[in-house]
Structures are given as structure tokens and as C-alpha cells.
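Accompanying notes for the structure given below.
The analysis underlying the following values was restricted to heavy atoms, covering all of them including side chains, and did not include hydrogens, waters or symmetry mates. Computed from a predicted model, the values in this text were never measured in an experiment.
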Number of protein chains: 2
Amino acid sequence: MALDRDQVVDAAWHILQTYGLGDLSMRRLARELGVQPGALYWHVANKQELLAVLAQRMVAPLSMSSTGASPAGACLTSPSPAGASSVDAPPAHASPAGAADDAVLLITRFRSAVLAVRDGADVVSVAHALDPSGMQPTPLLTAALTRAGMDPAPAETAALTLVRFTLGSVTAQQTRESMDLPTATMAAEFEAGVRAILA
Amino acid sequence: MALDRDQVVDAAWHILQTYGLGDLSMRRLARELGVQPGALYWHVANKQELLAVLAQRMVAPLSMSSTGASPAGACLTSPSPAGASSVDAPPAHASPAGAADDAVLLITRFRSAVLAVRDGADVVSVAHALDPSGMQPTPLLTAALTRAGMDPAPAETAALTLVRFTLGSVTAQQTRESMDLPTATMAAEFEAGVRAILA
DNA sequence: ACCTGAACACCGTTCAAGT
DNA sequence: ACCTGAACACCGTTCAAGT
């Protein structure tokens, strides 16, 4: 009974997760769905659009809960009801120190989310390039760093530095993983990099 | 009169430079050389090896002159004659401040070299992942930062942070360039990132 | 030693035609 | 509205056979 867009995206997600980007072809996807390749183009414009949707899915969990406060536009999925203010968060407005911790938490969760999907960094890197300041976790990081006392402009620049460093790191790690090379030192290298950037 | 490895690599370099990675196929390369696709496999093991050679070519200029001093292994192309010591460089051993400037210069030249080749970041990222501490400019950066007063271990970690941030940045920029999106702010964002990492 | 010819197992995308 | 069938213009790699 008629394929729909979600089934296409779900199947693509499954192939990416399980076999990696090299195996995520439109033809393979069609085969998995029991349909001719051309049928997919009724539901998605092209492969690039499909990958953009997958990138959104990877970073979506970052836009929920976590740092409590929801500054305008922080949550893309469900625009929070009018008077929703921070509830069980620290005082009325978080302390600078705690907000910097929020940034560390955010970039760490971003890394985990991307790292958890095979070739995730390749997919998310394109989405970041298309919309560097709109794609998560950039706006959330900018907000956290502003709360920590930075001016908005340097906060955004620092956010971009964190995101690009993270994507560079995860790209390197996932390339090594795909070749069965060791990656034991890479988590510590990531942490050191984040500390240096936020020092 | 018999194709040789250099001709294959030169032609590949030309296609990459001119048309980008999407157009650098073994079949296209063979056509450009007036040969059947299978002939290439006498000269290179596979496409991956070819890309590794191209990555080396992109970073090769970094290993020549620049910071004057040549600590063991700094110059891969031509092992310098025995008694070659720094000539017109500052005193006998550079000052910490000057050595940190060397690091900034190195990472800036690395960015320029990668940025100058279409999809250069994609190609160099794989080479970096295969040999993070051996691929330039990592060892040169580690040396410069050690001269600047850092201990070897943190110096290497800082070098990796710089290289991965730079690859993340150039990947984003070249993705945008390939889609004719503006990149006006990206050089400044790079500089700010480097300053933050080395602060 | 070096290359051709031919094959194997694939790609992304389009589009008339069917239901 | 949604899909098939078939095509167009491609891929990377292998390998017997030729020179």
C-alpha cells in the first residue's frame, strides 16, 4: 500500500547505520524496499536531499532537553509554548561557569551522536557546510557560550571552531574505523582539543 | 612509448585540480591518457593509492624551507646534507614566541595548500586519518610548538587539534565553493579558531 | 614488461507509459 | 497519485590474452 517518504528515510537510515555510506545507494535502497529505483524519486528529490534528512536525524536529539533553557529557536522540532521558562534549572539565569559546562556537554553529545552512525561525519559535514550557523549544535553552542559571558559574535565564532574541530576529528576516527585501524587515543585528543578551544 | 607512474599521477593531479574529485575516475583518467582503464592498474594498485599520492603532493611544499630549522625527519623529500644548520634565522635556537609564530605560519600554509586544490580537504583528510602523526604538517607543528616551550606530548595533541580543525574548516569551505555559496567569513573564522587553540 | 578487450557487478537520474 | 520498464551515461576492478 504505497510507499511513503518516511519509509524511504527509515530504510536509508538503516542502511547507513548498518553498512555505511558506501552501501547507501539509491538502487540498493530501492531493492531493500522492494521497488524500482525510479520510484524513490517520487518521494525524495535526489540522493543529496536524502542525506540532508539523515543529517538532521542525527543531530535532532541535541535539540531536546539537556541544558534546560530554551532560548528562541533552540528547539526546531517542537516550538515550545509561549511562557515556557526554565523550570528545575539553576536559579533564574545560569551562572557563567555552568554555561561553559553546557557547551562542553553539547559538543560532547554532538560528537557521540555523529560517531554512533557509520560515516556520520561525512553526512553531517555537508549539512554543516550548507548552513553553518543554523545546523545544530552551532546555535545551541552559541547560546550556551553567550550565557557563559561571551559576546554574541565571538560566541558564534567559538561555536563554529568547536563544530569544525569535532567534524575533523570524527572524520579521522571513522575513516580509521572503516579500515580497522586503532582509535584508542582519539577520545582523549578530542577532549584536549575542546579544552584548548574553550580555554 | 610506455606510460609510467608519474604520467598517471600528473594526469590525475590535473583532473583533480581542474574538475574536482567527482570527475577523477579511473575511467576518465584512462581516457585522458589515451589508454584502457585496466592499464592504470599496472602503475597504481588502486584508486585509493592514487589519492594518497595526490595528498602527499599537496602537502609536500610544507616540508621545504619556511621555518629554517630542520629537526630530524622534517624534510621528507630531500634529506638535508649533514651539517645543515639554520642560517639566516633568529640567533642559534629560536625564541618561544617566534616558534609559536612558526606554528601559525605552518597551519596557515597548510590551509592554503589544501584550499588551492578542488576537494583537497577530502583527499588530505583520508591521508591524515591513515597516519595522523606522520602526515604533514603534524610533525612540523609538533616541532614548532616544542621549540615554543611546550612538552612533546601536549605539543603533539595541539598539532592534531590544529590539523583537524583546519581540515574541518576547509571541508566546509570547499563544500560551499562546490555549490557556489558565499565563503567570505571563513578565512576570519579560521584565524580566530587558530588563535583560540594556541591561546 | 606493458597493454587491450571484455567482462563483472555496480552507480544516479530521467521519463514515457502503465495502473 | 504512485510506480514500472527501460534507457542514458557512467563507475572500480580483474584478468586472460596479446605484443
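With 3.5 Å as the limit, one finds no donor-acceptor pair spanning the side chains of B:D10 and B:Q7.
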With B for base contact, S for sugar-phosphate-only contact and - for none (protein heavy atoms under 4.0 Å), nucleotides 7-18 of chain C reads B---BBBBB---
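Side-chain heavy atoms closer than 4.5 Å link hydrophobic residues (I, L, V, M, F, W, Y) into clusters, and following such links, even through other members, never connects B:V163 to A:L160. No chain of hydrophobic side-chain contacts below 4.5 Å, direct or via other Ile, Leu, Val, Met, Phe, Trp or Tyr residues, connects B:L51 to B:W42. With hydrophobic clusters built from ILVMFWY side chains whose heavy atoms lie under 4.5 angstrom apart, A:M179 does not share a cluster with A:M186.
If you take CG of B:L33 and P of C:dC3, they are 10 Å apart, rounded to a whole angstrom.
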For DNA chain D, the expected dot-bracket line (Watson-Crick or G-U under 3.5 Å, [ ] crossing, | inter-strand) is ||.|||||...|||||.||
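OP1 or OP2 of D:dC3 has at least one side-chain nitrogen or oxygen of A:H43 nearer than 4.0 Å. Residue A:Q36 places at least one side-chain N or O closer than 4.0 Å to OP1 or OP2 of D:dG5. Side-chain N/O atoms of A:W42 include one lying less than 4.0 angstrom from OP1 or OP2 on D:dC2.
In this structure the side chain of B:T138 never reaches within 4.5 angstrom of the side chain of B:F110, judged on heavy atoms.
With C:dT4, D:dA1, C:dA1 as the choices, the nucleotide that has an atom nearest any side-chain atom of B:V35 turns out to be C:dT4.
A side chain to side chain contact (heavy atoms under 4.5 Å, CB included) with A:V114 is found for exactly one of A:D122, A:T166, A:T171, A:V124, namely A:V124.
Comparing C:dC11 with D:dA7, their C1' atoms are spaced 14 Å from each other, to the whole Å. C:dC2 sits 14 Å from D:dC15 when the C1' atoms are compared, rounded to a whole Å. For D:dC3 and C:dT14, the C1' atoms lie 14 Å apart once the distance is rounded to whole Å.
Using bins of under 30°, 30° to 60° and over 60° for the plane-to-plane angle, the ring pair A:F190/A:F165 lands in the parallel bin.
Looking at A:E191 and A:R111, no side-chain N of the basic residue comes within less than 4.0 Å of a carboxylate O on the acidic one, giving no salt bridge.
Heavy atoms from other residues, nucleotides or ligands lying under 6.0 Å from CD of A:Q48 number 12 at most.
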